[in-house]
Structures are given as C-alpha cells and as structure tokens.
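The structure appears right after this line, and notes come after that.
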Amino acid sequence: MELSKNYIPGTVEEKWYKHWMVQNYFKSEPDERLPFTIVIPPPNVTGVLHMGHTLNETVQDILIRKARMSGFNACWVPGSDHASIATEAKVVDMLKREKGIDKNDLSREEFLKYAFEWKEKYGNIIYNQIERLGCSVDWDRVSFTMDDHYYKAVIKVFVDLYKKGLIYRGARMINWDPAAKTALSDEEVEYKDVTGRLYYVKYKVADEGQAAADNFIVIATQRPETIMGDVAVCANPNDERYQNLKGKNVIVPLINKEVPVIFDDYVDKDFGTGVLKITPAHDINDFNIGLKYNLPVIDTLNEDGTLSDAAQIFIGEDRFAARKKIVQELREKGLLVKEEEYTTRLGYSQRTNVVAEPKISTQWFVKMKDLAAPALEEVASGKIQIYPNEKFNATYKYWLENVKDWCISRQLWWGQQIPAWYDEEGRFVVAENENEANEIYNKQYSTTNVQLKRDEDVLDTWFSSWLWPIEVFRGITEPNNKDINYYYPTSVLVTGQDIIFFWVARMIMAGMEYMQEKPFSDVYFTGMVRDKMGRKMSKSLGNSPDLLTLIHEYGADAVRFGIMISAPAGNDLLFDESSLEQGKFFNNKLWNAMKLLKMWEEGKKPNGEGTTDETEGGEVFAINWFENRLNEVRNEVEILMSQFRLSEALKTIYSLIWDDFCSWFLEWIKPEFGTAIDQKVYDKAVSFFDHLLQMLHPFMPFITEEIYHLLKERNDDLMVKQFAPVQEADVEILKLGTKLKNIITAVRDAKNKNNVKPKEKVSLYIETNEVYSYHSIKKILVKQTNADHLIFNETPDTTSIMTVVGNEKIYIKSDAVIDTSVQKEKLAKDLKYLKGFLIAVDKKLSNGKFVQNAKPEVIELERKKKQDAETKIKVIEQTLSAL
RNA sequence: GGGAGCAUAGCUCAGUUGGUUUAGAGCAUCUGCCUUACAAGCAGAGGGUCCGCGGUUCGAACCCGUGUGCUCCCA
C-alpha cells in the first residue's frame, strides 16, 4: 500500500467513528463488570459548542476511553439542556428578526412549536460537534431536559417537595429581569462595578408653624426615579444633626407627599448626608426596614421597567429615561443640591444583561436549608472529592452555609409548567396533573365543578438539570430500575467552575434527597478557556474560534492534543492555535514512525539470521532499555491520570513517544543502510509501538486506531483493547540507558562545538574504571556518534577533542583541525560549577549541627555528592592541563 | 467590605509531608545540518535575584509573618 507523505486526518476520522459505531463500542448495558459512568453536562440548545465545551468533552472522553480500556463498563450519557430563559430569549429574537413575529401575538402552543424546532436544529448541531470531536458517548442514551419522562420527573419532584413543605409560594423581594419580564434566582444576577451618580436632593420638612422654605434636609440617592415610592426617610439614632427631626414629617419632592422621619442603626452616618430615603419596593434593605417599621410598599415600576401608575408622574417612561427627566425637573425647581460621581455595584441579568430590578413579587421558592445540610456533609467528609480541592472546597462550603431560598418560578413559556392550579379567588392546589388537582381541590374546599386555571409560569432551568444524573437513567420516574441501580452514583463529573452553585451543589442536594446517595464520586473542574492574551472568549470580541473549522484545519486529534497540552489541572487555559499545530506535528511524527517500520518490514531478515547476540548488536540493550522505560512511564501516567493531571500525563506520553521511542530507540535499532532488520527486533518494535498507541489512544483516538491497523493485520480494535497490568521497571537498566544517552549527547556536542561534521568519522578513547558496563551499549555508542573505533583506557597519539561525562574522560580523535580554546572554555565552565557545588556541600558537611540533626541517609547522600564532585573535578583538571 | 487562590526561564506551566546536585519541561530563541521515516524534521546550545522584605530551621522555591501585584468568588 502506498502511504502518504504526511498524515491526513479527514477521511480517517470519519471511517473510524463509523466503524466504532457499527461495532457498538460506545454502547453500554449493565453487566457483571464495574461501571464507570459520566453524564455530560448538557450543553444549552442556544447555539454551538465553544472552546470551553471542547475542553470539557475532551476531558470526559479521555477518562471514559481510559476506563473502557481498563476493564470498566464505561457509559457516557450525552444530552442537552432546554435552558429555559436563555433559549426563550433566542427564540423570541429569532422570531422577530427572521419572521417578523411578536411573541405576544402567539399562543403558548404556537410558541412552543417554534421553540422545539429551534431545539431540534441546535441540538443536532451540538451532537454533530460532539461526534466530530471523537467523543465515545452512548448515542442510544441521548437525553434532553424536556423529554417526556424528564418533564414528568420534574413535575413529580416539584409536587413531592411541595408536599414535604420544601416548596412554598409567597411574596418576596426577588431580582426581576425587565427585558425578559421574569423573576430570576439570586445566582442569575451578576454584579459589576459601574460608575454612577449620587444625587443630593432637598426634602422639605413639613412644619406648619415655621417659614418652611429654608427648613429642609438633603438626601443622597442613586435612584431619583424611585422617589415616588418613598415611604419614609431614615437617619441614625445617634446622629446629632437630625435629632430635631424626631416625630416630624418631610415632603417627597415632585409629588409632594408627606412621609415620616424614622431612626435606625442601619443608616451609616458617614455615607452621603447621613439620611436615607426608604423605598421598600425597590431595594432589599429598604424593604427590610419597611417590614420592621410596618411601612407600606409602593411599587412605582411596571414589569418592563417603565414607571407605573403608582409613580404618578412620567408614567410609561423607561426607568433610565425617567431618571434623566426627574433630575432635570429637580434641578429646575432648585431641589437638586449637587451631583457627584460614585462607584457602585449593580446587578445585571445573566441572560439579557440588563440591570436587574429588585422587586416584590409573588413567586415559588425552594427552602434550601434542609437540602443544603446533607450536600455539605458529603463534600466535607470527603465522600465527594473536588479537584482541584484547595480552590473549591471553601467556596462550596461558604455558599451552602449561607444559602438563601431559591426562586424557581419564571414568567416564561419554554420549560416545565408549574403544576399548580388556582381558583378565581387565588386559592391553589399542587398536583401532578389536572385531574388530580381537581380531586384535591374538591376535597380540600368541599366543592365541585370549579374551573381551575393552571399556573402560567415555568420552572427555572436548573430545577430540571439538578435531576440530570438521576433522570437520564429514569431514577425519578422509574425508581429502582436496572440502569439507575447499576450506573448511579456516577463516577466523575467534569464541568466548569462557574456553575458550582447553579448546578453542582444542587445536583448533590437532589441526589441526597431522592437517591440518598451522592450523584458522583469526583468532581473535576476545568478552567476557563481564554485567548492567548488572557481575555475571556466571547462573541463580541470575536476571539472564539469555530470548532468545526479547527477540526477541518488540524484534525480532531490535533485539536484534542492542543487543548489538553495547554490545560493545567484546574487552571484557566490560554488557547493558542500554535498548540494545535504542535498536535498536528505530533500526528505527523507518529505517522512517519509507522512508515519507517513499514519500510523495515518489507526488507526484514527471517528469524535467526540476525545479530541479536549481546556482544554483537545493540538491539538487545535497546529493547531491554525501552521495555523498562515503557514500564516506568506507564506507572507515572497511571498516577497522573488518577489525580486528573491529564495535561501532564499527555506531556509524559508525548515525550516518551517523540524522544525515547523515535529519537533514541528507533535510531538504536535502525539497520545499517542496505541491510535488513532482524525479525525478532522488528516484532518487538511493533509491540512497543502498540503499547504507545494504546497509551495515547484516550487522548488521540483516531490516529492511534488508524496506525494500529496499518502496522499489521488485526482481529481487534485499539479502542477496546484492554491494558495489560503494569510491570515494575529495572532501575539499573534505565540508569545505563541514561549514561549511554549522556555520552552520545556529549560527543555530539563536542563535535558540534569543534566544527566536526556529525557525519565525519571519529575514534573514541574512553578512560573508565567500568569497561564492563560498555559491553551491551558499545555498539549503539559507536553507531550514534559515527565512530569507527572505540578504545578503552588508552590515550590517542594525536591532539584530540576532550570531554568529560560523569567521571569518565572521553577523547574524540578526528582529522579536523582542533581549536582547544572552545574545549577549554566549556571545561572551565563545568569546573566552576562543580567547585561552587563542592563548596556548598562542604559547607553542609562541616556544619556540626547538620551532621548532628540531619537524617543519616541525607548525610550519606551529601558525602556521596562530595566524593562524586571531587572525582569529577580531578578528571576535568587533568583534562585541562593536558590541553 | 469579607473570603479564596496565584506570583518560578521571553511565554505556558511542573517542582508530590523542607535535603537526588547551584531549580525542570514544552513552546519560543540561537547554532549546525535538505543525514537513505519525518525540514510539519534531525543534532546541539543558551536562557532563572524561584515577586520584595523579615522570620523559623543544620538546611527554604517549599513552612510562618509582612508588603506589593494579579485572578476569582461572595455581599
């Protein structure tokens, strides 16, 4: 077969993904093996996968493939999230832009039809991306948070929590999104520092007896447009300046309403003028003070953020437009004392990015305290391990200990409709369906034939996704079924740290409440993907590349390599396409190593004719060395992967393949030009390559499978080839290998520095006490340094290049003219280093306290260091004087 | 305002209960090579005040204190 010069990923990737699918390798059914389960964090059906998803999915695929090859029954459940508010906003926008349809002109059913069409389209785009990336998900288990059974599960859980008293309905101060016109949870509000203005406004004191004109107080406010909702002004009880106002009223400007002056410790004397206006409808602190002093609530805003009838003035104007007009009017009437710049934090809706409005509203809430306790315990006790641990344990604990009730109702259509039914008087019942609701209602209120109306609102999207690890196995709707009993709890959750509260903590709560068991054993947080300048990837910056474009350009394996090699565990990742290029080069390296072996295969010698005798060829040592090196690295990689240090594991494998296998091993066994390779040596090389491909497979599945099959005829596939147990490595052989490499490098360096061409033949004279140790490696040494003679413990008769490796002196005799100054320079440098080193060691050893206190093995080590250094210094000094 | 994390080569990061050398890797840089798998390559090399200061210890990149800078979370 004709092999291309370089690796071409496109067709190879498609071919193998199809093959794996046909073979049903991704499919998982409960059996006698141990399960290894991952549920995908379901991407929102709002758009396409970005680089953050790519990192997450790659990590999960690496873990799942590794488990599958290690004897586990690996199951990775794919799916997507309906993402209530985010998707509804997109659909509304799309309808307006593309079809000229206003949501208000549609019925609920009509709108949902469009929304499902949207979900179908974007869901499929996402699934296609997951496939192209090579993810080995079980496609028979695709789940969506609005699937019929899933919908039922959410309703069932709502009803159950309501019956347990953990869900209630009530009027509370919530965060309101005036653009989406819905309530939000506290977590859906993001705070940003902004520069605002502080307005100092005169409030006249209502004092009938005096000449009122000069008698006023000044109040500083950021939100003059809410003054119409003022119900009091408040000062600190210890503030001398305002003692005379006790029991008096002031007049709210523009609407001339009298409100009382009250006193409370809450007010900071030093902020602004020391007096606050109290506007309970539009500020949580004011609301609490209002409750304390039994003040009325006047909501001066409509749902869309315009001024309401209650405002009396500027009715129907947007809140920010009204602010400008009110400021203007205050100024004209001389009621504005001054304005100043002021830095404050404002809450923005996570989805629509408009300023969230604190609002008193009747909504549904989940009581969190009781649910939080067991979820806290699971992590605190270590039953759930979070990686990286030190960063997130504290955050998790703090949130759960201070958790507030969760507002779960949303004034939207896209989502699970709240299963509550109301009569005309506002009395309601909660039930799984309308029939049940009627029954309960009739029983509760002893009536019949009352027309009940279902709550129009839907549930927060996280109220469905917190059931994800349970309901993808139908654990809510069909408790104790075969799947949930086998796959739950799942093994590891891989997700972004930004949703630790939204999702991770709540999944643990739901797991403890409905399964009495944690939903996963490990949580692995990936960092955020940023561009190489450290900026977040975002649409507006245009710095987020398209996944399919990248796969097209570099191949899926290279994309996976590139993103993993630069993803240190738990840290943010600076995405740079050059790392994908590195991945592409790595593909090519693998490809060419394979080509080299195929070349040898054609001309190889039949078994027995070769020079595998230890005294003759270096092949025996090469094989022995690489076998042990392989074992050493396999052990390292096992440890790294169990600690989720995937980036380091990949680096380790990369270096084993590129440096140890390609640069050293293959060169050591490479037959002389025109000669054939021995069959046994060839077979060993192929077998090593198999192991390397297997180790690399979870990271780069396509090219490894392809090369595995090109190397020789197979009856199996690499994807499901099981790892053999790891063997211990022989340290002595590894040491000898290192020595060999050091000598080769030193000789090459010496030749390079003395302008001796690499190809030029030389004679090597080695001064050593350990001639025997060269027995197995001398053939390789000669070949790799282009030497034609190797002589021990003799001095060459002519001027030679000299170099020192360890405590062995090496003369390199060549025909080239030798400039000794270069060698002298290098040797002098080495000598300086060693002498400095020796001083440091001597200092330690001559320190009585060190000898007294340090562990014996440490002292022994220092003595050995001293001895080694002294020997080396002696050799270098001799060499220098000979020059 | 409260809390957490980080600071090591030009860049991105390792450095595993303080002692395997006077700190390692990849990328980038420099030098020499179109050598019969691979120039998307090969062979080499250079590059560090381990953020500053103080302390503990026989011994500190590592532990403690403090300052500075950056990032994130919460109010």
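By convention in this document, chain letters (A, B, ...) are assigned in the order of the sequence lines, proteins followed by strands, and residues within each chain are numbered from 1.
Look at the C1' atom in both B:A60 and B:U29: the space between them is 32 Å, to the nearest Å. A distance of about 16 Å separates the P atoms of B:U17 and B:A61, rounded to the whole Å. Atom name P, nucleotides B:U20 and B:G10: the rounded distance is 24 Å, in whole Å. Nucleotides B:G46 and B:U35 have their C1' atoms positioned 25 Å apart, rounded to a whole Å. Separating the C1' atom of B:A9 from that of B:G48 is a span of 5 Å, rounded to the nearest Å. One P atom belongs to B:G65, the other to B:C6, and the distance between them is 14 Å to the nearest Å. When the C1' atom is used for both B:A39 and B:C63, the distance is 50 Å, rounded to whole Å.
Across all strands shown, B:C63 forms a Watson-Crick or G-U wobble pair with B:G55, both key distances being under 3.5 Å. The pairing partner recorded for B:A4 is B:U71, the criterion being a Watson-Crick or G-U wobble arrangement whose two distances lie under 3.5 angstrom. Base-pair partner of B:U31: B:A43 (Watson-Crick or G-U wobble, both distances under 3.5 Å).
Under 4.0 angstrom from either OP1 or OP2 of B:U20 there lies no side-chain N or O belonging to A:K864. An OP1 or OP2 oxygen of B:U31 is reached within less than 4.0 angstrom by no side-chain nitrogen or oxygen of A:K757. Within the structure, every side-chain polar atom (N or O) of A:S579 is placed at least 4.0 Å from both OP1 and OP2 of B:U12. Here A:T395 does not reach the OP1 or OP2 of B:C74: none of its side-chain N or O atoms lies under 4.0 Å away. Residue A:W658 places at least one side-chain N or O under 4.0 Å from the OP1 or OP2 atom of B:C42. In terms of phosphate contacts, A:K855 brings no side-chain nitrogen or oxygen within less than 4.0 Å of OP1 or OP2 of B:G19. An OP1 or OP2 oxygen of B:C58 is reached within less than 4.0 angstrom by a side-chain nitrogen or oxygen of A:N853. Residue A:R748 places no side-chain N or O under 4.0 Å from the OP1 or OP2 atom of B:U31.
Contact annotation for A:K751: no contact, since no heavy-atom pair falls under 4.0 Å across all strands. Among the protein residues, A:E667 comes within range of the nucleic acid bases, having at least one heavy atom under 4.0 Å from a base atom.
To the nearest 0.5 angstrom, A:Y524 atom OH is 9.0 Å from A:N56 atom CG.
In terms of polar N and O atoms assigned as donor or acceptor, the side chain of A:Q582 never comes within less than 3.5 Å of the base of B:A28 in a complementary pairing.
Take the nearest nucleotide of RNA chain B for A:K835 and for A:F585: the residue whose nucleotide is more 5' is A:K835.
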